[in-house]
Amino acid sequence: MDRFVFLTFDGLSKGAVLAAFALALVLIWRAARIVNFAQGAMAVAAAYAAYTVTTATGSYWLGLLAALVGGLLLGALVERAVMRFVDHRSPLAEVIVALGLVLVVQAALGMVYGNEFRAAAAPFSRTALEVGGVPLLSRYDLFVFGAVLLVLLGLALLFTRTGVGLRMRAAAFAPEVSRLLGVNVGGMLTLGWALASAVGALAAMLVLPTELGLHPHAMDLVFVSAFTAAVVGGLDSPPGAVVGGLSVGLILSYVSGYLGSDVTPMAVLALLLVVLLVRPGGLFAATVARQA
């Protein structure tokens with residue numbers, strides 16, 4: 001029983017990090033109707049900016065601020081300089097461009113910083129607090145949960161309570177009609193990319209201290225798990241991304257704890273396959289009325 005409790009809390013802590021990254025994927029989907037396969041590489045680039053600032057100043061919090069600002073700027077730059085010129089009538093074109101962007105970003109990071117692993121600092125202790133002799137959550141895990149909750153609440157307020165959020169969604173769903181109504185569609189898309197990139201940068205800063213460390217390919221496997229989480233919850237649902245992230249985290253923890261870490265990639269892909277077959281829109285997808 002102690003092992004099950006430990007694996008449960010370990011899975012929840014992993015799932016919270018995946019939820020943060022899944023929120024970034026949901027945000028860019030809601031803002032631009034695009035699955036950004038370059039999200040992981042862009043997040044790593046922002047994390048390297050944080051590493052540079054933290055190394056120079058010795059402050060984790062200045063590094064975190066640098067990552068968020070760097071993510072905002074990188075997301076806006078990618079949308080303005082690259083994605084705006086892609087033929088959006090073909091979903092395949094967006095995927096190919098995003099994958100090409102992954103190669104460019106990872107190669108550039110390798111040339112500038114090298115390909116060795118670098119330690120990623122954590123602002124709080126990662127030693128789990130014990131209850132009844134069973135290690136549960138660390139102070140860092142609580143920090144992660146708090147950060148994810150703030151992001152979720154912020155996105156909920158943005159898209160449901162502000163005019164900017166409504167204009168972002170309108171620009172994504174019906175750009176031509178939005179232009180006729182006076183919405184700056186280009187500006188809304190740029191804002192969506194910038195915010196999604198900033199959330200992705202935050203997710204990278206949360207996950208890297210729990211993994212091997214900073215590396216140009218550090219977010220590759222995390223992206224696969226987070227993409228699964230976003231699909232499980234529904235690409236148009238921020239709460240679904242959180243539930244999906246926690247679910248994937250629990251599955252990874254249970255499978256790794258009971259069957260071995262070599263089986264975990266197959267478990268994630270199996271979950272993705274089941275959800276796509278049973279409910280392709282995700283568990284929290286909105287119901288669509290049948291049309292004749």
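Here the structure is a predicted model, which is why all the values come from computation and not from measurement.
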Distance-only donor-acceptor hits, side chain of residues 240-259, under 3.5 Å, sequence neighbours excluded:
from: Ser247; atom 1: OG; to: Val243; atom 2: O; distance (Å): 2.8
from: Ser253; atom 1: OG; to: Leu7; atom 2: O; distance (Å): 2.6
from: Ser253; atom 1: OG; to: Asp10; atom 2: OD2; distance (Å): 3.4
from: Tyr254; atom 1: OH; to: Thr8; atom 2: OG1; distance (Å): 2.7

Tabulate below the donor-acceptor pairs under 3.5 Å that side-chain atoms of residues 198-208 make, not counting sequence neighbours, or state none.
none

As a quick check of understanding, evaluate side-chain contact (heavy atoms from CB on, under 4.5 Å) for Leu272 and Val268, giving each step before the final call.
CA-CA 6 Å; Leu272 179 62; Val268 172; 5.7 Å; no
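Minimum heavy-atom separation, Pro123 to Tyr140: CD-CE1, 3.5 Å. For the residue pair Ala45 and Leu74, the shortest heavy atom distance occurs at CB-CD2, 3.9 Å. Here the shortest heavy-atom pairing between Val102 and Ala38 reads CG2-CA, 3.5 Å. The shortest non-hydrogen separation linking Pro209 to Ala121 is CG-O, 3.4 Å. A pairwise comparison of heavy atoms in Gly110 and Asn115 identifies CA-OD1, 3.6 Å as the closest pair. Residue Gly40 comes nearest to Phe223 through the heavy atom pair N-CD1, 4.2 Å, listed as atom of the first residue, atom of the second, then distance.
Clustering ILVMFWY residues whenever any of their side-chain heavy atoms sit less than 4.5 angstrom apart, transitively, puts Leu158 in the very cluster that holds Trp29. When hydrophobic clusters are built by joining Ile, Leu, Val, Met, Phe, Trp and Tyr residues whose side-chain heavy atoms come closer than 4.5 Å, directly or via intermediates, Trp193 is not grouped with Val26. Hydrophobic clustering places Phe227 together with Leu99 (ILVMFWY residues linked when any side-chain heavy atoms are closer than 4.5 Å, directly or through intermediates). Met266 is connected to Val232 through a chain of hydrophobic side-chain contacts under 4.5 Å among Ile, Leu, Val, Met, Phe, Trp and Tyr, so both are in one cluster. Two different hydrophobic clusters hold Met219 and Val224 under the rule that ILVMFWY side chains link at heavy-atom gaps under 4.5 Å.
No side-chain donor-acceptor contact under 3.5 Å links His217 to the backbone of Gln106. The backbone N or O of Gly71 sits less than 3.5 Å from a side-chain atom of Ser197, completing a donor-acceptor pair. With Ser178 contributing its side chain and Ala170 its backbone, the two residues share a donor-acceptor pair below 3.5 Å. With hydrogens and angles ignored, the 3.5 Å screen pairs no side-chain donor or acceptor of Arg84 with any backbone N or O of Val78.
The CG atom of Leu77 sits 12.5 Å away from atom CG of Leu72, with the distance rounded to the nearest 0.5 Å. Distance check, rounded to the nearest 0.5 Å: CZ of Arg167 to CG of Leu181 gives 12.0 Å. Once rounded to the nearest 0.5 Å, the distance linking OG of Ser138 with CZ of Phe143 reads 11.5 Å. The CE atom of Met188 sits 5.5 Å away from the CG atom of Leu191 when rounded to the nearest 0.5 Å. With rounding to the nearest 0.5 angstrom, the CD1 atom of Ile28 is 7.0 Å from the CD atom of Gln39. From Arg118, atom CZ reaches atom OH of Tyr48 across 6.0 Å, with rounding to the nearest 0.5 Å.
Put simply, the side chain of Val95 reaches to within 4.5 Å of the side chain of Phe37, judged on heavy atoms. With contacts defined as side-chain heavy-atom distances shorter than 4.5 Å, the pair Val144/Ser13 does not qualify. Leu276 places a side-chain heavy atom less than 4.5 Å from the side chain of Val231. Inter-residue side-chain proximity for Phe124 and Leu142 is flagged as unmet; no heavy-atom pair is nearer than 4.5 Å.
Among residue pairs with one or both ends in residues 16-35, those qualifying as salt bridge (Lys or Arg N to Asp or Glu O under 4.0 Å) are Arg30-Asp236, Arg33-Asp236; sequence neighbours excluded.
Thr52 and Tyr113 share a donor-acceptor pair across their side chains, judged by distance under 3.5 Å alone.
Other residues, nucleotides and ligands contribute only 12 or fewer heavy atoms inside 6.0 Å of the CG atom of Leu221.
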